[in-house]
Structures are given as structure tokens and as C-alpha cells.
Amino acid sequence: MTQVPAERAAYDPHAVQERWLPVWDRLDLHRAGRRAGAEKKYVLDMFPYPSGDLHMGHAEAYGLADVLARYWMRRGYDVLHPIGWDSFGLPAENAAIKRDQHPAEYTYANIETQADSFRRYAISFDWSRRLHTSDPEYYRWTQWLFLRFRERGLAYRKSSAVNWCPKDQTVLANEQVVQGACERCGTVVTKRELTQWFFKVTEYADRLLDDMEQLRGSWPERVLLMQKNWIGRSQGAHVDFQVGDRTVTVFTTRPDTLYGATFFVVAADAPLALELCAPAQREALEAYRDEVRKLSDIDRQATDREKTGVDLGVTALNPVTGEQIPVYAADYVLADYGTGAIMAVPAHDQRDLDFARAFGLPVRVVVDTGSPDPAETGQATSGDGVLVNSGPYDGLPKAEAIERVVADLEARGGGKGAINYRLRDWLLSRQRFWGAPIPIVHCPSCGEVPVPDDQLPVRLPDLRGAALKPAGTSPLGAAADWAATPCPSCGGDAQRDTDTMDTFVDSSWYFLRYCSPDFEDGPFDSEAVREWMPVAQYVGGVEHAILHLLYSRFFVKVLQDMGMVDFNEPFSALMNQGQVINQGKAMSKSLGNGIDLGKELSSYGVDAVRLTMVFAGPPEDDIDWADVSPSGSVKYLARVARLAEDVGLLSGDARDADVDRVLARTVDEVTRLVEAQRLNVCVARFMELTNALRRAADAPAPATASLRDGVEALAVMLGCFAPYTAEEVWSRLGHDVDAGDSVHDSSWPAVDPALLVEDTVTCVVQVQGKVRARLEVPPGISEDDLRAQALADPGVVAAVSGREVRTVIVRAPKLVNVVPA
RNA sequence: GCCCCCGUAGCCCAAUCUGGCAGUGCGGCGAGCCCCUUAAAAGGGCUGAGUUGUGGGUUCGACUCCCACCGGGGGCACCA
């Protein structure tokens with residue numbers, strides 16, 4: 001190996017960082033619009049929440065997106081890669097209470113810390129478009145959008161049983177309740193009857209589901225699956241049953257089993273249960289409802305629970321059979337799904353069967369599936385089959401029966417085909433301070449009155465410290481001076497709405513604001529949005545699979561209907577990066593297994609940490625920090641730096657076809673790998689290329705021109721992953737970075753297709769599937785020539801050992817398989 | 001319980017889509033040799049390691065396709 005003088009044997013990543021960062025700041029390399037006229041690409045990271053400094057997770061996510069953004073810049077695209085902060089939210093509020101501060105102090109101090117870290121971490125952001133959702137200039141438009149949604153009937157207030165987090169003292173959307181617990185703090189969620197604001201997401205259920213077809217292939221399959229499950233479309237029918245003089249509609253996916261409905265159940269906690277109940281059963285029902293109320297959602301939803309319920313002492317009339325069946329109230333029927341009432345078909349539904357067996361109710365098979373009688377086995381039969389005991393429908397297969405029953409119901413009245421969703425409307429009110437106030441005034445005479453657009457934003461009052469303590473109602477209510485306001489409509493005394501919006505409202509449109517962050521005539525400039533949107537590549541954690549991503553999709557569809565955007569999906573492609581974990585577990589304070597990003601960066605430098613993150617595995621896989629070490633990356637980067645130094649000192653214009661070919665193959669492959677987002681493999685290829693170039697540089701008569709091209713191309717490609725080292729390499733090759741010739745303003749290396757063509761290929765000759773010989777042959781060799789050559793090969797002859805050859809399979813030019821008798 | 005993904009060297013991965021040579025890289029430990037620098041260390045280079053989770057099937061040929069099982073991860077789950 002070439003002798004390395006001591007003064008440059010040491011590669012000091014920190015010196016490299018300090019040298020180039022100020023130069024880059026001056027050159028302003030990442031401003032969107034810099035390549036005006038070129039095709040545009042919008043690369044977006046899910047924006048950060050400003051809690052403390054950046055951590056390992058940020059380093060990974062933003063590092064990955066940065067590779068893609070820089071790659072597209074090198075490919076000549078005009079790239080928008082913006083940054084902002086999701087800066088409303090609970091942690092700031094809780095910190096403010098603890099420290100007797102205003103939430104803004106904590107928030108904006110952390111934003112500055114994170115911004116500075118991002119800069120040193122060398123993320124290619126366009127800093128000129130920075131936004132914060134807690135700025136009045138931003139939340140003005142969040143409020144404006146709320147009012148437009150309300151005008152379209154998509155924001156409305158209703159009283160209902162809502163999820164309540166006792167710790168955070170606020171209501172939560174369904175999406176923010178995970179397995180019965182608060183998504184944020186893990187506290188078991190309870191129910192409260194409250195009047196709250198909702199967005200009518202359900203009106204968009206079909207489009208949210210159907211438009212996922214466009215995303216197939218460019219979004220992770222599991223995210224699409226999760227959204228599909230969350231929306232939960234069920235095809236079925238509404239069927240009307242008469243209970244006394246009332247019509248009670250049920251939703252069923254199995255109208256074919258109407259003849260098997262032997263009882264009827266309403267949700268015990270629904271008002272309907274009380275309304276239907278016979279006076280004699282009233283007391284029993286009240287007692288049962290008290291029991292149900294005591295259960296947590298988690299207990300209630302346990303599927304292995306005994307079925308419980310109360311006979312309401314009335315009957316329901318089956319519209320098809322004319323039969324009167326008993327009506328029960330039970331907690332296994334959910335008040336807020338379907339109509340809150342069901343027809344129970346114990347033979348063909350496991351839950352109904354469990355209930356029937358607990359209460360001694362009849363089980364009637366109406367679809368013969370070939371399985372044994374559910375009444376005997378306790379196993380409901382839900383599969384395909386032929387109808388029996390079903391009057392005129394006997395003998396029909398299940399699918400046909402469903403159609404016929406629905407058609408008959410529609411013809412006669414008493415029911416019709418229907419689609420039902422699991423998705424509920426988005427509860428957006430929050431009883432907390434640090435969010436966008438809901439721009440509504442409640443007037444004793446005019447009712448709900450929107451704040452006029454020209455009075456937006458409705459700014460937050462100046463509350464701090466103890467005044468923010470959660471008290472079950474919004475702290476804004478305590479700011480009496482703020483809440484009291486003249487009614488915009490009649491001028492009389494009125495009160496502002498004191499709730500704030502869910503912070504997911506803020507983040508449902510921020511990607512649009514980036515296109516024109518200073519626009520003052522609306523939330524965004526439609527012209528700018530047309531140029532940049534939809535986002536070409538979105539990068540973020542899978543934890544938002546059905547929160548932020550569903551909400552943003554909803555927003556864009558509404559904006560499309562408003563004529564403000566001309567596309568229906570905000571994010572054309574989505575990458576979910578994995579988590580950074582340690583010793584097999586998520587990092588946490590209680591486990592004490594946290595890794596401090598700042599320490600890693602000061603030990604190994606930015607580039608080594610970035611490279612380690614990307615190289616550790618496929619982007620979507622978790623990285624166990626115990627399995628990797630940036631020290632290997634430091635060594636690699638040092639090797640590259642040394643190589644650049646050595647090659648920079650060589651003179652001459654000799655070329656070597658082998659070096660050129662290796663380079664061409666690497667560039668070609670890395671290009672395809674980046675496009676396929678297989679970034680870890682790219683790094684492996686860089687290492688191979690580096691090794692090949694090193695060997696070539698150490699040869700007795702180095703091919704200087706080929707080597708220079710190779711190292712230069714390596715610098716350009718590596719620059720997307722390890723920007724500081726690449727700039728150093730670029731500079732060592734003689735580029736004057738200070739004068740503006742930066743590797744981060746260079747072009748992706750071109751590939752000469754002629755260099756990708758192989759002179760010869762290796763043909764494998766197998767005998768009975770075992771490799772017995774290898775032949776170097778021209779790629780265009782004919783089957784006959786190849787067969788002849790293979791059969792003449794001594795190794796093959798030996799392996800066949802005189803036996804007769806039964807078949808020869810030839811796949812020119814790569815393979816011959818000889819099969820002896 | 002239902003659905004999805006994944007099991008390749010000590011480790012993270014590649015080759016699986018489209019069946020045809022099982023390979024790149026990394027780290028730890030140990031050993032030897034070489035280079036450089038030497039007071040020493042550090043640094044650089046070379047040299048290893050495999051029944052592709054198990055069993056069956058399809059095929060001339062299976063890490064690759066199919067089936068079953070085992071193991072790991074994730075999602076959904078009283079949604080009618």
C-alpha cells in the first residue's frame with residue numbers, strides 16, 4: 001500500500017465539519033427554485049415536535065430523506081426540501097406549568113436548539129421556508145380552514161360519549177386511543193358525554209378507501225392495510241324491525257340469514273335500550289347499565305368475556321318471516337357502530353351463539369355449510385353454503401341469497417342494501433391551552449357564530465404557569481377577559497369557544513404551506529402548490545399510519561372539492577423508516593438504554609453517524625445500536641479521504657478499462673438502488689468501489705485519469721450520504737469549493753452504456769444440477785456452440801463418466817445442465 | 001382468534017421479484033504474516049467461518065415457487 005505521511009493519516013471529522021459548514025451556509029445550495037426550469041421534486045420529512053434536542057430517531061429519519069433529496073438535486077431536479085415545527089402541543093404546556101412559564105418560551109427555545117442541530121447534521125433543508133404551527137401567521141390559516149370546513153358542513157358540534165384521558169384532562173379522537181389507552185401517555189381512557197367539535201371524515205370514507213389504489217406500490221403495503229382496516233367498509237343491508245310501534249333498523253352483512261334471526265339485541269349503553277324497555281324490566285336494565293358503565297373499554301372489549309345482557313320484555317317483528325323475537329340489551333353490541341342494534345343469528349355468528357347459549361335461546365341453522373350443528377358444537381358456521389329453513393330462499397347459495405333478500409326487501413319496503421364503516425368522525429376539540437383556538441363565538445341570541453375572516457387569527461390569551469393547569473375544561477375559559485367578546489353578528493355579549501384544536505389539524509396542511517410560506521391571501525398560493533405538490537417522497541414513522549396520514553388525505557380531498565388544489569392525494573410515495581433501538585428494546589429513560597445523539601456526533605462526527613444509520617440495514621428496518629458501530633464508518637471515511645489525497649497527487653492521463661468498467665457498473669447499480677430506496681446496499685457498493693480504486697491506485701503504473709474519474713464520481717454519490725467527507729474529497733481533487741465549486745452543486749455521474757457490456761460471461765456447466773465446470777464465453781454465443789463446448793469440457797466428461805447423456809438444457813450464455821441417463 | 005411480514009456466516013445485510021456459481025460489507029475475539037511508524041502503541045493490508053429455521057412437494061435444477069410446521073416481529077380484534 002501507498003505510504004501515508006503522518007500528517008494526513010489522521011482523518012479528523014470535526015475539522016472537516018468546521019471547515020465546510022460555514023462555506024455551505026454562504027453558498028446557499030439547497031434553496032428550492034435554484035434550478036428553475038428543471039423538473040420539480042418535493043421531498044418531505046414529517047416535521048418534528050420541539051421537545052428538547054434532536055435524538056437518534058431524528059438522525060435516522062432526516063438522514064434517510066436527506067439522501068433522497070440530495071440525490072434528486074444531483075440528478076438535476078429542482079428540489080423542495082423544507083423544514084418546520086409542529087410546535088403546538090401538550091409537552092410544552094406541561095413544561096410551562098412546571099416551570100411557571102409561557103409554553104412559547106419552552107417551544108421556541110427548543111426549536112432554535114433543533115434548528116442548529118439540523119444545520120450541523122447537514123440536512124439539505126431550504127431554510128427560507130421554515131414555519132411553526134404555533135405562529136399566529138400559521139394558525140390564522142388553520143382557523144380559516146376550520147371555518148371553510150364548517151361552511152361545507154364538514155365541521156359540526158354534537159353531544160356524544162367521547163374518549164376522555166383522565167391524565168391529560170382532555171378528550172381524544174378515536175385514532176388517538178390505542179387498545180383503550182391514550183396514545184400519548186398510556187393512561188386508560190374513559191368515556192364522557194360532552195358536546196364537542198367534529199370533522200366529518202366519514203363523508204369521505206369511500207374516497208379515502210378507493211383512492212388508496214393510486215398509492216399501491218409507492219406506499220408501504222401495511223400502511224394501506226391499516227388504513228383499510230381503520231376505515232372498515234362493510235357491504236350489507238339495513239333491515240327494519242318493528243318493536244311495538246317503533247321501527248328499529250339494524251345493519252347486517254348477512255341478510256341471507258334473516259330466517260335464522262332468533263332474537264334481537266340493542267347496545268345496553270345506547271338511549272335506544274331505555275326507550276324500548278318494558279316498564280317491568282326497567283329496574284333490571286338500569287342495574288345492568290350501571291354494571292356496564294363500571295367496565296373500562298379494555299375489559300369491555302375482551303373477546304373471551306362471558307356474554308351478559310338483560311331481557312327488555314318486548315319483541316321485535318322480523319320483516320321477512322313475520323316472526324316475533326325477544327329483544328335484549330347487551331354490552332357486546334356497540335352503541336356507535338352501525339345502528340347500535342342487531343338481529344342475532346346464533347347459528348352463523350359466534351358472538352350471537354355465545355349469547356344464545358348463555359341465555360337458552362334457540363339456534364336455527366339457515367345456511368347449510370356442511371359443518372356440524374352449531375347448537376351442538378358451540379361453533380357458529382359463517383362460511384359458504386346453501387340456504388335451508390328459509391322459505392322461498394331454500395336451495396340458493398349464500399351469495400345469491402344475499403342479493404335476492406336485499407332485492408325483495410327493497411321491493412317490499414322494510415330494508416335496503418347499505419354500506420357501513422368502522423371509521424368515526426374526527427373529534428377535534430381539546431380542553432387544553434397550547435393549540436389553535438376554535439374561531440367560533442357562542443351568542444345567547446344568535447347561537448354559534450363564526451369569527452369573521454378579517455378578525456383572524458383569534459390569538460391565544462397570555463396565560464402561563466399555574467393558569468394552564470388542566471381542570472377538565474379548557475384553561476382558555478379562565479381567561480374571562482379574553483373569552484368575553486361581542487357577537488360578530490348582533491354585537492351583544494357573547495363568549496368565545498374556549499377549546500383549542502387537536503394538533504393533528506395543524507399538521508394536516510403544513511405541507512401545502514411550505515409551497516408559499518409567506519403567502520398572506522390564503523393558507524397557500526394555489527399556483528405554488530400546483531408547481532410542487534403532490535409530495536414526491538414523504539418520509540416518517542409508521543406510528544402515523546392512521547393518524548396524520550389519514551387526516552392529511554382527508555384535508556386534501558376537501559381542499560380538492562373546494563377547488564383549492566387539483567389533486568386528490570397529498571403524498572405520492574411514502575417511506576417508513578425503522579426505529580433506532582438499543583439492545584433489542586426501544587430506548588427509554590426507565591431502561592437506561594438511551595443513546596445520546598450529541599455524544600455519538602462528538603465521538604465519531606456527523607458523517608460517520610449518518611453513514612452508520614443508512615448502512616445498518618434496509619431503511620424500514622429497526623436499527624439496534626448495539627449491533628453497529630460508527631467507528632467502522634469513521635475508518636471507511638478515512639480510507640476514502642486518504643484515497644482522494646493520494647489520487648489528487650498523481651499526474652498523467654492514463655486510463656484503465658477495468659477501472660472504468662467497475663466505476664460504470666457501480667454508478668449504474670447505485671442509481672437503481674437509490675431509486676429503489678435500498679440505501680444500505682448503496683453503501684456496500686461504495687465500499688467495494690473504494691477498495692477497487694485503492695487497489696488500482698497502488699498498482700505500479702496507476703491509471704490516473706480513470707482513478708480521478710472514479711474518486712470524483714464516488715465523491716458525488718457519497719456526498720448524498722456523508723456530505724462533509726465528500727466535500728473534503730472533492731476539494732482534495734482540486735475543486736475550489738470556496739469559489740462555489742461544491743460537490744453539493746455537482747451532477748450525478750454519467751454512465752457510458754458501452755462500459756456495462758461484458759466482453760465475456762461466465763457460463764456454469766452443471767451435471768445433474770451440480771456445478772462441474774465454468775466456461776468463459778462471448779455473450780452472444782449460440783446454443784449449439786455452447787452445448788458442444790460444454791460437452792467437450794474435461795470436467796464434464798469426467799463427471800458424466802461414460803454414461804449416456806439423456807438431456808442437455810442450454811440457457812445461453814449463462815448455463816448448461818447435462819443430465820446423464 | 002384473524003390477517004400481514006420476516007427466518008441466509010458471530011452481526012447487520014445481498015442474491016428471492018424474474019428458479020440456474022450462496023456473496024458484499026461490518027464488528028468482536030483469537031492467531032499468524034506483511035507495510036508504515038517505532039520507545040511503544042495506534043493505523044493499514046492479507047488469511048476464516050454456511051445442511052440458506054425444519055419437513056415435504058413441484059422441477060433437469062430450489063435460498064428463490066407451493067404446502068405444512070417451528071421461531072421472531074407487526075397489525076386488527078365483541079365492528080354485526
* To do: Start with the C-alpha distance between A:Tyr421 and A:Asp206, add both sets of side-chain angles, then the distance that settles side-chain hydrogen bond (donor to acceptor under 3.5 Å, both in side chains), and finish with yes or no.
  => CA-CA 9 Å; A:Tyr421 299 92; A:Asp206 267 319; 2.6 Å; yes
* To do: Evaluate the ring pair (Phe, Tyr, Trp, His ring centres under 6.0 Å) criterion for residues A:Phe721 and A:Phe686: first the C-alpha distance (whole Å), next the side-chain angles of each, then the deciding distance (0.1 Å), finally the verdict.
  => CA-CA 11 Å; A:Phe721 297 72; A:Phe686 294 155; 5.1 Å; yes
* To do: Evaluate the side-chain contact (heavy atoms from CB on, under 4.5 Å) criterion for residues A:Lys416 and A:Val406: first the C-alpha distance (whole Å), next the side-chain angles of each, then the deciding distance (0.1 Å), finally the verdict.
  => CA-CA 6 Å; A:Lys416 59 173 192 278; A:Val406 171; 5.8 Å; no
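B:C76 atom P lies 16 Å from atom OH of A:Tyr337, rounded to whole Å. Look at CE on A:Met687: it is 8 Å from P on B:G27, rounded to the nearest Å. Atom C1' of nucleotide B:C35 and atom CG of A:Asp646 are separated by 14 Å, given to the nearest angstrom. In this structure, A:Leu643 places its CG atom 12 Å from P of B:G45, rounding to the nearest Å. Rounded to whole angstrom, the span from the CD1 atom of A:Ile623 across to the C1' atom of B:G27 amounts to 16 Å. Remark: C1' of B:C2 and CZ of A:Arg422 are 14 Å apart, rounded to the nearest angstrom. If you take OH of A:Tyr636 and C1' of B:G27, they are 17 Å apart, rounded to a whole angstrom. Rounded to an integer number of Å, the gap from CZ of A:Arg665 to P of B:U24 is 14 Å.
Between B:G45 and A:Arg639, a contact under 4.0 Å exists linking OP1 or OP2 to a side-chain N or O. At least one side-chain nitrogen or oxygen of A:Ser234 sits closer than 4.0 Å to the OP1 or OP2 atom of B:A80. Distances shorter than 4.0 Å separate some side-chain N or O of A:Arg678 from OP1 or OP2 on B:A15. Between B:C26 and A:Lys635, no contact under 4.0 Å exists linking OP1 or OP2 to a side-chain N or O. Contact check, A:Asn691 against B:G45: no side-chain N or O comes under 4.0 Å of OP1 or OP2.
Candidate nucleotides B:A80, B:C26, B:C76 were compared by shortest atom distance to the side chain of A:Thr252, and B:A80 ranks first. Closest approach to the A:Phe615 side chain among B:G25, B:A14, B:A80 is made by B:G25 (side chain taken as heavy atoms from C-beta onward). Here the side chain of A:Met226 is nearest to one of B:G75, B:C78, B:U24, namely B:G75. You'll find that the side chain of A:Lys307 is closest to B:C78, out of B:U24, B:C78, B:A80. Proximity note for A:Arg685 (side chain, C-beta onward) versus B:C76, B:A14, B:C78: the nearest is B:A14. Minimum atom distance to the side chain of A:Leu225 is reached by B:C4, of the listed B:C78, B:A80, B:C4. Checking B:G44, B:G75, B:C13 against every side-chain atom of A:Arg642, the shortest atom distance belongs to B:G44.
Taking A:Arg787 as the reference, A:Asp784 meet the salt bridge (charged side-chain N to carboxylate O under 4.0 Å, His left out) condition, with sequence neighbours excluded.
Here, B:A42 and B:C33 have their P atoms 16 Å apart, quoted to the whole Å. Of the P atoms belonging to B:U8 and B:G55, the separation is 16 Å, rounded to the nearest Å. B:C63 and B:G72 have their P atoms separated by 25 Å, given to the nearest Å.
With respect to A:Lys307 and A:Asp331, no salt bridge is recorded, no charged nitrogen being found less than 4.0 Å from a carboxylate O.
Among the atoms of the strands shown, none is found under 4.0 Å from any heavy atom of A:Asp352. If you check every strand for non-hydrogen atoms under 4.0 Å, A:Arg424 touches a base.
The aromatic rings of A:Tyr332 and A:Phe355 sit tilted, their planes meeting at an angle between 30° and 60°.
Secondary structure note: stems in RNA chain B built from 3 or more consecutive Watson-Crick or G-U wobble pairs under 3.5 Å occupy B:1-7 with B:70-76, B:31-35 with B:43-47, B:53-57 with B:65-69.
A donor-acceptor pair under 3.5 Å is formed between the side chain of A:Gln350 and the backbone N or O of A:Gly378.
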